[in-house]
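Everything on this sheet refers to the single structure shown next.
The sequence lines fix the lettering, A, B, ..., with proteins before strands; numbering per chain opens at 1.
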2 protein chains.
Amino acid sequence: MVLEHELPRPVPSDELAGCPVGKLMRRVGDKWTLVLIVLLGGRAHRYNELHRSIEGISRRMLTRTLRGLEADGLVRREVHPTLPPTVEYSLTPLGRTLLVPVSAMAEWAVLHDAEMTRARAAQL
Amino acid sequence: MVLEHELPRPVPSDELAGCPVGKLMRRVGDKWTLVLIVLLGGRAHRYNELHRSIEGISRRMLTRTLRGLEADGLVRREVHPTLPPTVEYSLTPLGRTLLVPVSAMAEWAVLHDAEMTRARAAQL
DNA sequence: CTGAATCCATCGGGATACTG
DNA sequence: CAGTATCCCGATGGATTCAG
């Protein structure tokens, strides 16, 4: 039988930091990833549509973030060879499954965000 | 009746990026926060105990991360005036509620992390 | 044992300009 | 319309040293 069930790999450093949870949080913890996931969770969007919907994002970061999500198989990029070209972004099935835990985080956030703010304010 | 149901506040910039969800993900998305939450979710730990349990963390970052969690009311710091002094860190009730959505993220991570890795590998 | 202080490398991310 | 390329700055975080 498989005895190496608990520790599939050597884990040379960072122990828990290298675990899937930490990886995921860092993956979606940047400035724009979550916004895109939530937006695309609603419906497919075109590039400039996203750029307009997300106030404050630069085209550079929009592209980079989308490319990252695409590389991880969370977002699909469809180019329609029209003139001018139109590109549509949508969540993949894998990306849509991510909406579940994200919602759990969202629920906690809306419930307890104020509490954290108050705690931080009370420090002064 | 309340017509401003959909947009409670002005949201001058960053729209969704300033929402509680994004704030939370950025809050716990750094390198060590989640590791600490999970570890302290098990039981209270002393400073050097944490330092030994988390391979790769510097004392500087351990202290900084703990202070941040403490400021947000997620972690409690108890100093026992012994000689030498001993300090115990544990999750507050608020911090423990965070274990719920974190577990949801964890479940997704262990289920789909390999899928993301494969997707990324397939890009080459 | 439990930190604080300082220095320094890396990196995320914004502004701007250019392209097919 | 949908990007790419370059420059640049502030934040993150590691290494090291000092201290109660």
Report summary line: Contacts of A:Glu49 meeting salt bridge (Lys or Arg N to Asp or Glu O under 4.0 Å) (sequence neighbours excluded), chain-then-number -> A:Arg43
Report task. Using side chain to side chain contact (heavy atoms under 4.5 Å, CB included) as the criterion, list what pairs up with A:Ala104, not counting sequence neighbours. Result -> B:Pro101, B:Ala104
**Report entry** Partners passing salt bridge (Lys or Arg N to Asp or Glu O under 4.0 Å) against B:Arg120 (at least two apart in sequence or in another chain)
**Finding:** A:Asp72
Query raised in the report: Roughly how bent is the helix from C:dC1-D:dG20 to C:dG20-D:dC1 end to end, in steps of 10 degrees, with each end axis from five pairs?
Result: 40°
Query - Stretch residues 61-80 of chain A: residues that reach within less than 4.0 Å of DNA chain D through a heavy atom - result: A:Thr63, A:Arg67, A:Arg77
Query raised in the report: More 5' along DNA chain C: B:Val87 or A:Pro84, using each one's nearest nucleotide?
Result: B:Val87
Requested in this report: Go through the structure and list residues passing side chain to side chain contact (heavy atoms under 4.5 Å, CB included) with A:Ala109, not counting sequence neighbours.
Outcome: B:Pro20, B:Leu24
Query raised in the report: Can you name the residues that form a side chain to side chain contact (heavy atoms under 4.5 Å, CB included) with B:Arg77, not counting sequence neighbours?
Result: B:Arg67, B:Glu70, B:Val79, B:Val87, B:Tyr89
Report summary line: Contacts of B:Asp113 meeting salt bridge (Lys or Arg N to Asp or Glu O under 4.0 Å) (sequence neighbours excluded), chain-then-number -> A:Lys23
Query - Proximal nucleotide (of D:dG14, C:dG13, D:dC18) relative to the B:Arg59 side chain - result: D:dC18
Atom pairs, N/O to N/O, protein against nucleotides 6-9 of chain C, distance under 3.5 Å?
| unit_1 | atom_1 | unit_2 | atom_2 | d |
| --- | --- | --- | --- | --- |
| C:dT6 | O4 | B:Arg60 | NH1 | 3.2 |

Report summary line: Heavy-atom nearest pair, A:Val21 first then B:Val102, reads CG1-O, 4.4 Å
Query raised in the report: B:Pro85 side chain: which of C:dC1, D:dG13, D:dC1 is closest?
Result: C:dC1
Requested in this report: List for me each residue that meets side chain to side chain donor-acceptor pair (under 3.5 Å) alongside A:Thr63, sequence neighbours excluded, and say none if there are none.
Outcome: A:Tyr47
Query - Residues that B:Leu94 engages under side chain to side chain contact (heavy atoms under 4.5 Å, CB included), provided they are two or more places apart - result: A:Trp108, A:His112, A:Glu115, A:Met116, B:Leu74, B:Thr92, B:Thr97
Query raised in the report: With sequence neighbours excluded, what pairs up with B:Glu78 under the salt bridge (Lys or Arg N to Asp or Glu O under 4.0 Å) test?
Result: B:Arg76
Query raised in the report: With respect to the phosphate group of C:dG3, does any side-chain polar atom (N or O) of B:Tyr89 fall under 4.0 Å of OP1 or OP2?
Result: yes
Report task. Compare side-chain N and O positions of B:Arg26 against OP1 and OP2 of C:dG13 and report whether any pair is under 4.0 Å apart. Result -> yes
